[in-house]
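Each remark here refers to the structure printed beneath this line.
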Protein chains: 2
Amino acid sequence: MSSEALLIDELLKRITAGEYQLNEKFPSENRLAEEFQLPRITVRKALQHLEGRGYLYSVRGKGRYLKPESESIHLHLSGGESFTDKMLASGYDLKTVNLFSPDIEINQENQTYMLARLRYINEEPIAIHQSYVNVEVFPTIQNDAPTITSMFAYYRAHGFHHFTNNGAVLSVQFPSTDEQELLKCNNILPLICLESQTVCEETKKILERTCILYRSDKFKYRLR
Amino acid sequence: MSSEALLIDELLKRITAGEYQLNEKFPSENRLAEEFQLPRITVRKALQHLEGRGYLYSVRGKGRYLKPESESIHLHLSGGESFTDKMLASGYDLKTVNLFSPDIEINQENQTYMLARLRYINEEPIAIHQSYVNVEVFPTIQNDAPTITSMFAYYRAHGFHHFTNNGAVLSVQFPSTDEQELLKCNNILPLICLESQTVCEETKKILERTCILYRSDKFKYRLR
DNA sequence: TCATCGTAACTTGGCGCCAAGCTGTTGTGT
DNA sequence: ACACAACAGCTTGGCGCCAAGTTACGATGA
């Protein structure tokens, strides 16, 4: 194993053992280089890796600081309940921002319109919701899109009242630069990608295909 | 956004668009530095990031090469079925290696014994199974441990025949150096961590607490 | 004409140097 | 005695230089 990898492990041990105070100065690159008898560049790479993972933040000229660990939100990955309802039921302060852009057009091939929303909890972005709405069922979706914050509310307004989803697929991916900006995260923060279809229980019509990108560091997922 | 981040995005676009041949030379650091008018060190960082994510591998003096993308295994995250049964049912060539070590002792605090197994598919390590076996139910587990490859078989041999689990919790973490060596992966490959308890249906005894670490790049997970 | 060896030109890898930012201490001026 | 400015010493950030490895081409010798 490389020196860098071993240093990362050792620093993680110390961090999880509580040896460093939150928001106080982490030992500098030079200090750690001296302590571990490693080149400063090796130490810097290890520290930058820990920054990438969200443990540290740095200010040029000042130093590096330990980030407070954010509390994980427990999310049930199951059932037809909307994300909004789940969060409200658990007492979280959820906010939704519509990421409408006039540039987005209907996908002619599969007749869907992509409507994206950014979800915040406690003023922090935690998920990107991408709904690929079935244009055949909702022909005016492109015009309606700028004002929508709840898809379920939109469906109810259009006469659909009971929903289910036919399973979901979960995978892990890294964020693109756009997603990094939206979610205010680093490029090595894994995102949980959850893909499913929302179906009307009565008519069995597919209303939308959904892709939700969750920051994996903000959630623990309960499975039934 | 930094130059490095934008370069990563652009190279990923090209990779997914199929612009590079598998196992053929990827453009060199100098070549890309010239093309994008960036310092070589910026290009190198971007390429090392892609290496970390598993897209590329490098040979000093020779060059960098695109790795073939491995097929994702679809795994159902549900039910009491064992991992072994699920993989065999899907036709995968699963192999299990017991990671027995005489150094591992019974945890006196919660009376469990940690038995770890490494899972291979097509000769590639894909998951680490850690079973924290209830010593009160299996007092001879420490002696039995070296020869166990199937926990369910072990339980059946001890008179337990029907199992369930009381939900599971899924989270994402990065591998430690030990886990990196076992799974033959880089330090930024996210691992899916699935924690659950295996319970005997008849007696309701907790047989084990399980923690499975899956390479997230090898699996897509189906939820019911 | 063919084979072998040496060198140059390519590749990636390891680590350092200089730049930019911040803070604390000391000296000078009012 | 206090306030302000300058400088030194600390911090992290950007990028380059030299080392190590591989390959291809040209020259020399048989």
Side-chain angles (χ1 to χ4, degrees), chain A residues 1-12 14-15 19-67 177 180-181 184-188, chain B residues 1-12 14-15 19-67 177 180 185-188:
Chain A
M1 265 302 164
S2 66
S3 303
E4 180 188 334
L6 294 169
L7 179 59
I8 289 168
D9 256 24
E10 176 58 29
L11 293 176
L12 277 174
R14 295 182 180 190
I15 289 169
E19 286 186 33
Y20 303 110
Q21 297 295 322
L22 297 185
N23 293 318
E24 271 184 33
K25 285 273 209 73
F26 204 78
S28 69
E29 290 173 15
N30 282 329
R31 174 67 58 90
L32 291 170
E34 197 183 329
E35 181 187 342
F36 289 92
Q37 287 299 300
L38 291 171
R40 194 190 135 213
I41 197 69
T42 302
V43 173
R44 187 196 316 179
K45 282 178 169 178
L47 292 174
Q48 284 179 336
H49 174 80
L50 292 175
E51 249 182 275
R53 283 168 66 165
Y55 287 98
L56 302 177
Y57 64 97
S58 68
V59 185
R60 188 179 196 178
K62 287 186 78 164
R64 282 192 172 86
Y65 304 84
L66 195 62
K67 261 184 180 174
T177 46
Q180 284 170 61
E181 285 197 60
K184 295 197 190 322
C185 65
N186 298 308
N187 67 0
I188 63 165
Chain B
M1 264 304 163
S2 68
S3 302
E4 181 188 334
L6 293 170
L7 180 57
I8 290 168
D9 256 24
E10 176 57 29
L11 293 176
L12 278 172
R14 293 182 181 190
I15 290 169
E19 287 185 33
Y20 303 109
Q21 296 296 320
L22 296 185
N23 292 320
E24 271 184 32
K25 285 277 207 69
F26 205 76
S28 68
E29 288 174 15
N30 282 330
R31 175 66 58 92
L32 291 169
E34 197 183 329
E35 181 187 342
F36 288 92
Q37 289 298 300
L38 290 171
R40 195 191 133 212
I41 196 67
T42 300
V43 173
R44 190 201 309 186
K45 280 180 171 177
L47 292 173
Q48 283 177 337
H49 173 80
L50 292 175
E51 248 181 278
R53 283 168 67 166
Y55 288 98
L56 302 176
Y57 64 98
S58 67
V59 184
R60 186 181 197 174
K62 288 186 76 162
R64 282 192 171 86
Y65 305 85
L66 195 62
K67 259 183 181 175
T177 44
Q180 285 169 61
C185 65
N186 298 308
N187 66 359
I188 63 165

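Numbered from 1 within each chain, the chains take letters A, B, ... in sequence-line order. Note that these values count all heavy atoms, side chains included, but never hydrogens, waters or copies made by symmetry.
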>> Checking A/Leu6 now: which residues fulfil side-chain contact (heavy atoms from CB on, under 4.5 Å) with it, not counting sequence neighbours?
In response: A/Met1
> Quick one: side-chain contact (heavy atoms from CB on, under 4.5 Å) partners of A/Arg60, sequence neighbours excluded?
Replying inline: none
>> Between B/Ile8 and A/Thr177, does the side-chain contact (heavy atoms from CB on, under 4.5 Å) criterion hold? Intermediate values first, please.
In response: CA-CA 9 Å; B/Ile8 290 168; A/Thr177 46; over 6 Å; no
>> Between A/Phe36 and A/Leu7, is the side-chain contact (heavy atoms from CB on, under 4.5 Å) condition met? List the steps.
In response: CA-CA 8 Å; A/Phe36 289 92; A/Leu7 179 59; 3.7 Å; yes
>> For a 4.0 angstrom threshold against heavy atoms of chain B, report the outermost contacting nucleotides of DNA chain C in 5' to 3' order.
In response: C/dT11 to C/dG14
> Taking DNA chain D as the partner, which of residues 56-64 of chain B come within under 4.0 angstrom of it by heavy atom?
Replying inline: B/Arg60, B/Gly61, B/Lys62
> Considering all heavy atoms of both residues, which atom of B/Leu56 and which atom of B/Arg64 are nearest to each other, and what is their separation?
Replying inline: CD1-CD, 4.2 Å
> Is the shortest heavy-atom distance from the side chain of B/Glu51 to the side chain of B/Ser58 under 4.5 Å?
Replying inline: yes
> What do you reckon, is CD of B/Glu19 surrounded by more than 12 foreign heavy atoms closer than 6.0 Å?
Replying inline: yes
>> Strictly below 4.0 Å, N to O, side chains only: are A/Glu10 and A/Arg14 in salt-bridge contact?
In response: yes
> Hey, can you pull the residues of residues 25-45 of chain B with a non-hydrogen atom under 4.0 angstrom from DNA chain C?
Replying inline: B/Ser28, B/Glu29, B/Asn30, B/Arg40, B/Arg44
> Atom CD1 of A/Ile188 and atom CD1 of B/Ile188: how far apart are they, to the nearest 0.5 Å?
Replying inline: 5.5 Å
>> Evaluate A/Leu12 against A/Arg53 for side-chain contact (heavy atoms from CB on, under 4.5 Å), listing each step before the verdict.
In response: CA-CA 11 Å; A/Leu12 277 174; A/Arg53 283 168 66 165; 3.7 Å; yes
>> Using the side-chain hydrogen bond (donor to acceptor under 3.5 Å, both in side chains) definition, which of the options B/Arg40, B/Lys45, B/Gln48 pairs with B/Glu29?
In response: B/Arg40
> Taking five pairs at each end, how big is the angle between the two axes of the helix from C/dT1-D/dA30 to C/dT30-D/dA1, to 10°?
Replying inline: 40°
> Within the distance-only criterion (no hydrogens, no angle test), does the side chain of B/Lys25 pair as donor or acceptor with the backbone N or O of B/Lys62 below 3.5 angstrom?
Replying inline: yes
